[in-house]
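Worksheet: the structure to be examined is printed underneath.
In this text the structure is predicted, and so the values were computed from the model without any measurement. Per chain, numbering begins at 1; letters A, B, ... match sequence-line order.
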Protein chains: 2
Amino acid sequence: MSKKISNTIKTLRFFANEMTQQELAEKAGVTRQTIAAIEKDKYSPSLELAFKIADVFNVPLNEVFSYKEDE
Amino acid sequence: MSKKISNTIKTLRFFANEMTQQELAEKAGVTRQTIAAIEKDKYSPSLELAFKIADVFNVPLNEVFSYKEDE
DNA sequence: TCTTAATGTATAATATTTTTAACATTAAGT
DNA sequence: ACTTAATGTTAAAAATATTATACATTAAGA
């Protein structure tokens, strides 16, 4: 009944030449812990950070984050 | 040189039978002030709220929010 | 086996978003 | 002119995201 945000960051990192969390963090302008927390769904990022992460991978935001019913 | 988030909430409200800020706020589960602040670019919402707002209008997130170079 | 890079995790401090409450202004209808 | 709904706006509190620091674990290579 309720929707949740999920993401494909780990996969995207893997296909981006196995980019590390650290590298992604630097390119997105945040710390490694922030990336780790988001990857593990500890919390959902700000819209701005979501856009920045998508930009790093050169994909639209909806290829990184989706909002769907959680099964 | 820097990117900024902009949104089309006001327009979307207008085309959604002139939905008020108050109605949108209720449907998105936030207060009217939050909608007003976002409409006026006082700050960018959380990713979750961005998704909820898009859901209210039944459009993808990128039809509500965009992240582009500011002129 | 030893090192090292990468990741997992936790906690307290800081920053940002969101709420609550309040009052002002605008536009429309009567 | 009066009323009312909608919006503009502000300030302080509460909630959530992010940082900084620190230490543990894992996997891979020398």
Measure [atom1]/[X] against [atom2]/[N] and give the value in whole Å, please.
{"X": "A/Leu47", "N": "D/dT16", "atom1": "CG", "atom2": "C1'", "answer": "15 Å"}
{"X": "B/Arg13", "N": "D/dT7", "atom1": "CZ", "atom2": "C1'", "answer": "8 Å"}
{"X": "B/Glu39", "N": "D/dG8", "atom1": "CD", "atom2": "P", "answer": "7 Å"}

Give the first and the last nucleotide of DNA chain C, reading 5' to 3', that has any atom under 4.0 Å from a heavy atom of chain A.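 It runs C/dA6 to C/dA10.
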A/Lys3 bridged to B/Asp55 by N-O distance under 4.0 Å: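 A salt bridge is present here (some side-chain N lies under 4.0 Å from a carboxylate O).
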Under 3.5 Å, N/O pairs linking protein and nucleotides 9-13 of chain D:
from, atom 1, to, atom 2, distance (Å)
D/dT9, OP2, B/Lys40, NZ, 2.2

Donor-acceptor contact below 3.5 Å, side chain [X] vs main chain [Y]:
{"X": "B/Glu23", "Y": "B/Thr20", "value": "yes"}
{"X": "A/Gln21", "Y": "A/Gln33", "value": "no"}
{"X": "A/Asn17", "Y": "A/Met19", "value": "no"}

Nearest 0.5 Å please: distance from the [atom1] atom of [X] over to the [atom2] atom of [Y].
{"X": "A/Arg13", "Y": "A/Ile53", "atom1": "CZ", "atom2": "CD1", "answer": "11.0 Å"}
{"X": "A/Ser46", "Y": "B/Glu48", "atom1": "OG", "atom2": "CD", "answer": "13.0 Å"}
{"X": "B/Leu47", "Y": "A/Leu61", "atom1": "CG", "atom2": "CG", "answer": "6.0 Å"}

State, yes or no, whether a side-chain contact exists between [X] and [Y] at a heavy-atom distance under 4.5 Å.
{"X": "A/Glu39", "Y": "A/Ile35", "value": "yes"}
{"X": "A/Thr8", "Y": "A/Phe65", "value": "no"}
{"X": "B/Leu12", "Y": "B/Val56", "value": "no"}

Going by the rule ring pair (Phe, Tyr, Trp, His ring centres under 6.0 Å), which residues pair with A/Phe51 if we only count those two or more places apart in sequence or in a different chain?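 A/Phe51 satisfies ring pair (Phe, Tyr, Trp, His ring centres under 6.0 Å) with B/Tyr67 once adjacent residues are dropped.
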Starting from the first five and the last five pairs of the helix from C/dT1-D/dA30 to C/dT30-D/dA1, work out the angle between the resulting helix axes, to 10 degrees.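 About 40° separates the two local helix axes.
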Would you say A/Phe57 and A/Phe14 are hydrophobically clustered, going by side-chain heavy atoms of ILVMFWY under 4.5 Å?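 No, it is not one cluster - the side chains of A/Phe57 and A/Phe14 are not joined through contacts under 4.5 Å.
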What pairs with A/Thr34 under side chain to side chain contact (heavy atoms under 4.5 Å, CB included), at least two apart in sequence or on another chain?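 Once residues adjacent in sequence are excluded, the partners of A/Thr34 under the side chain to side chain contact (heavy atoms under 4.5 Å, CB included) criterion are A/Val30, A/Thr31, A/Ile38, A/Tyr43, A/Leu49.
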Of all of residues 19-29 of chain A, which get a heavy atom below 4.0 angstrom from DNA chain D, listed by number?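 Listed by number, they are A/Gly29.
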Quick one: is D/dT19 close enough that its OP1 or OP2 comes under 4.0 Å of any side-chain N or O from A/Thr31?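 For A/Thr31, the contact criterion (side-chain N or O under 4.0 Å from OP1 or OP2 of D/dT19) is met.
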I want to check one thing: is the phosphate of D/dT16, taken as OP1 and OP2, less than 4.0 Å away from some side-chain N or O of B/Ser46?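 For B/Ser46, the contact criterion (side-chain N or O under 4.0 Å from OP1 or OP2 of D/dT16) is not met.
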Judged by each residue's nearest nucleotide on DNA chain C, which is more toward the 5′ side, A/Lys10 or B/Val30?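 Per heavy-atom nearest nucleotide, the more 5' residue is A/Lys10.
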